[in-house]
Amino acid sequence: MFLETARRRSRVGLPVGEMMQIGCLITARKRFVWIVVFYAVLLARSLGNSPAFAKPPDSVNMAQRCPGDKTEAACQESLPACQRDEDMLGKQTPSAARERQLHEVWNRIGFCSNTLGQHQEAERAFALALLSQEKQHPGASIEIASGLTKLGWTLSFQKKYIEAESVFRRELSMRKSLQGEKHPDTVDAMRALSRQLYLQEKYAEAVPLFRELVAEAEKRLGPEHPEVAIEIRNLALALSSGGQTGAGSEAERLLRRAMMIQRVKLGPEAAEIAETMQALGTMLSADKPSEEAEQLLRKVLAIRERILGADNYLLGQSIYPLAKLLEKRAQFIETEQLLRRRLGLLQKHYGWQHIDVAMALRSVAHVLGKQNKYGEAEALHRQDLGIREQLFGPESEKLVPGLRNLAHVLDVQRKFAEAEQLYSRALAIHRSQVGIDRETLSLLERLESVLEKQGKKRDAELVGSEAQEIDERLECRRRRSWLKEQPTSAEDPSSCLESRYHLAKCDSGDGDYREAERNLRVALASCSEVPEFLVSKIMVAAELAWVVDQQGRFAEAEGLYRAAIERARSRHNVAALLNDLAGVIYAQGRLAESEKVHREALATRQQLYGPEHEQVAQSLFNLANTVRALGRMKEADELKLRALSMAQKTLGPERHGNMIMDSI
């Protein structure tokens with residue numbers, strides 16, 4: 001069934017990767033709706049039963065010009081005629097007959113466009129046909145449900161899974177109300193919805209639907225029917241994709257049951273059993289590649305070679321899982337042989353300018369790198385990159401993995417200058433197309449490494465600093481996301497205080513002091529202090545005082561600083577808090593008191609760090625500013641010169657210059 005389906009799918013222009021995704025979720029029912037033949041069957045049925053598809057009364061027989069033939073050749077010939085009919089009808093005076101004619105033409109355009117792989121045009125036509133049907137049949141109707149089916153699959157062909165999900169949810173609800181929950185069309189709608197959820201990785205929502213489909217098939221056909229085996233396999237795939245993998249899992253038990261049913265009912269060499277074997281072998285090889293998994297995948301390849309022949313490009317779907325298993329077992333020579341065979345089959349079928357060929361080139365290059373054959377790997381990576389540039393243009397995000405892989409191979413060969421250029425180009429494309437994420441961070445770290453290898457220390461430091469800043473921002477995003485999903489009452493007590501504290505630091509770093517204050521107050525009120533963690537309530541209280549200080553509420557901040565000083569157990573913390581306390585006292589105009597506290601902070605830091613430390617220099621600067629405000633200019637200048645001299649010795653010229661600018 002999978003192989004026949006793959007042949008049909010190839011005629012509508014779907015890539016091999018999409019066929020591989022669909023293959024393991026396909027059903028054995030002849031009426032199953034996501035193969036292209038379905039459109040011909042549905043269209044023929046609608047033409048015979050629905051007045052909306054009645055032939056127009058004018059002298060031109062449009063049905064002859066837009067035949068329901070499912071072949072590419074017929075569609076290539078008839079699609080332009082259908083589009084001309086659409087233009088002609090659009091210029092006529094609106095009438096019921098005109099609407100019926102347009103509805104028929106839109107459906108035929110949609111069908112032929114899908115057959116030719118022109119899915120955007122098909123989507124437009126089916127959407128217009130659906131609107132027309134909704135005008136003629138307000139509310140729920142079988143005709144509208146059929147229109148939803150066609151539009152939903154056209155969206156799915158374009159990988160618009162969110163939109164397709166919405167359409168199929170509406171269809172399923174409509175069919176349940178019109179035809180009942182057990183009607184075959186309702187079951188097909190449920191199957192279609194489950195696939196969209198699966199493809200969006202919404203496994204928690206998909207699994208109950210797959211279970212329902214298994215139960216329905218068992219009740220209708222009996223527990224040992226081959227179609228039940230396919231529904232069981234679909235459920236197993238959803239479970240394994242959702243995390244239930246490996247030996248002893250429910251997914252494994254289900255796949256073994258499906259395989260047993262198919263072996264008894266269809267024989268050990270059937271195409272359907274090969275599909276289930278591949279699912280089981282791939283799942284078993286995911287964690288720890290085993291001898292059984294290898295035997296299963298070799299058997300799959302043998303069955304499909306017998307059915308398809310040794311030169312069929314569809315064999316690549318079975319070669320790849322076996323090659324990946326052998327790669328995990330460090331059998332690189334055979335892995336390379338298999339992947340080169342797959343590349344040859346795809347290239348023969350598609351030519352060089354195809355994305356599946358580019359992906360196959362990348363796979364071979366990867367395993368060559370594992371064997372330290374970097375020169376050969378470099379050549380294939382360049383070829384992969386060239387194909388992608390031809391297909392998607394020089395600024396596409398789809399170039400980034402190719403640029404990164406080629407740069408890595410050049411880096412290993414000590415071709416640092418070109419590697420630097422490629423990493424920089426990949427970084428620029430990714431930033432413009434995607435923004436900041438983990439890939440941005442990875443590219444920055446790789447760029448920093450090749451800069452260091454070239455002795456470009458200053459450039460490497462700048463890139464490294466940017467990478468550190470992005471890492472902190474990404475960590476802030478992660479913490480925000482985690483806390484958004486976790487109510488305060490449900491937070492892990494061991495991480496509550498730390499998470500809230502670091503989240504507040506992120507907020508204050510972004511200038512959002514109000515949100516930072518909120519998180520700090522929640523931490524102090526709700527989170528328990530765990531001794532072994534680095535963050536303490538003293539640190540939280542000190543951060544709260546600083547955040548309130550930054551909002552200009554100096555009197556309140558003063559009280560918080562004093563409370564934190566009283567509770568502080570470390571003299572290092574006390575010194576820092578005294579420095580901040582002196583600042584809020586200064587801001588309130590109590591200059592003499594501020595000077596006193598600054599001198600106390602200075603004395604504490606001199607005792608802790610010695611007379612020449614940068615924190616001592618900072619206290620001297622702060623004290624100098626306060627003394628100047630009190631009118632003692634000479635003393636202030638002496639303190640500032642002493643601080644600058646100290647900073648020049650301890651910080652170096654660059655950071656010393658920054659301190660001078662801060663003092664100005």
Side-chain angles (χ1 to χ4, degrees), residues 27 29-57 62-63 66 68 82 85-86 89-90 92 94-114 119 121-157 160 162-197 209 212-213 216:
T27 181
R29 292 169 57 92
K30 292 181 181 178
R31 304 176 60 259
F32 198 54
V33 291
W34 66 66
I35 57 178
V36 171
V37 174
F38 167 81
Y39 289 104
V41 175
L42 180 64
L43 191 57
R45 187 174 62 188
S46 300
L47 281 167
N49 299 333
S50 172
F53 284 88
K55 293 181 182 179
M62 294 180 187
C66 298
C82 294
D85 288 337
E86 180 187 12
L89 288 166
Q92 294 181 6
S95 66
R98 170 183 168 276
E99 280 295 316
R100 286 194 298 271
Q101 294 168 34
L102 272 172
H103 183 271
E104 178 181 348
V105 169
W106 282 326
N107 273 291
R108 293 185 183 280
I109 289 174
F111 167 74
C112 280
S113 297
N114 267 334
H119 302 307
E121 174 66 4
E123 178 187 344
R124 181 194 70 84
F126 281 139
L128 289 170
L130 180 62
L131 287 172
S132 172
Q133 195 66 261
E134 287 172 332
K135 289 179 183 178
Q136 296 177 56
H137 303 275
S141 70
I142 299 299
E143 290 80 3
I144 291 175
S146 296
L148 289 167
T149 301
K150 290 179 280 189
L151 178 59
W153 283 114
T154 302
L155 290 166
S156 185
F157 292 161
K160 297 180 179 180
I162 296 175
E163 296 94 324
E165 176 193 343
S166 176
V167 170
F168 284 126
R169 283 190 186 280
R170 184 183 170 198
E171 183 202 355
L172 179 59
S173 175
M174 193 175 294
R175 290 198 184 276
K176 281 182 176 180
S177 64
L178 293 172
Q179 297 172 285
E181 294 192 358
K182 304 304 179 183
H183 192 279
D185 288 347
T186 306
V187 175
D188 283 343
M190 184 187 300
R191 190 176 289 112
L193 175 59
S194 68
R195 177 177 178 268
Q196 307 314 307
L197 294 170
L209 291 177
E212 200 170 335
L213 289 165
E216 184 277 334

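Nothing fancy with the numbering, it's 1 onward along the sequence.
What you find for A164 and G152 is that their closest heavy atoms are CB-O, 3.6 Å. Between A145 and M174, the shortest heavy-atom distance links the atoms N-SD, 3.8 Å. The shortest heavy-atom contact between A125 and G110 is CB-N, 3.7 Å. Looking at every heavy atom in both residues, Q133 comes nearest to E143 through CD-CB, 3.4 Å. Across all non-hydrogen atoms, the minimal contact from F126 to T154 is CD1-OG1, 3.3 Å.
We find the CD-CE distance between E212 and M190 to be 3.5 Å, quoted to the nearest 0.5 Å. To the nearest 0.5 Å, atoms CG (L178) and CG (D185) are separated by 10.5 Å. Of the inter-residue distances, the one linking S146 atom OG with L151 atom CG reads 12.5 Å to the nearest 0.5 angstrom.
Applying the side chain to side chain contact (heavy atoms under 4.5 Å, CB included) test to K176 and every residue at least two apart in sequence or in another chain returns L172, E181, T186. Residues satisfying the side chain to side chain donor-acceptor pair (under 3.5 Å) criterion with E171, sequence neighbours excluded, are T149, R175. Residues passing the side chain to side chain contact (heavy atoms under 4.5 Å, CB included) test with L102, sequence neighbours excluded: E86, L89, R98, W106. Judged as a side chain to side chain contact (heavy atoms under 4.5 Å, CB included), and not counting sequence neighbours, the contacts of E134 are L130, L131, I144, R170. Checked against salt bridge (Lys or Arg N to Asp or Glu O under 4.0 Å), E123 has the following partners two or more places apart in sequence or in another chain: K160.
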Evaluate side-chain contact (heavy atoms from CB on, under 4.5 Å) for E99 paired with H103, printing each intermediate quantity in order. CA-CA 6 Å; E99 280 295 316; H103 183 271; over 6 Å; no

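Formation of a donor-acceptor pair under 3.5 Å by the S194 side chain with backbone atoms of R191 is found in this model.
Residue N114 forms a side-chain contact (heavy atoms from CB on, under 4.5 Å) with just one option from H119, K150, E121, and that option is H119.
A salt bridge is defined here as a Lys NZ or Arg NE, NH1 or NH2 lying under 4.0 Å from an Asp or Glu carboxylate O, and E104 with R100 fails to meet this definition.
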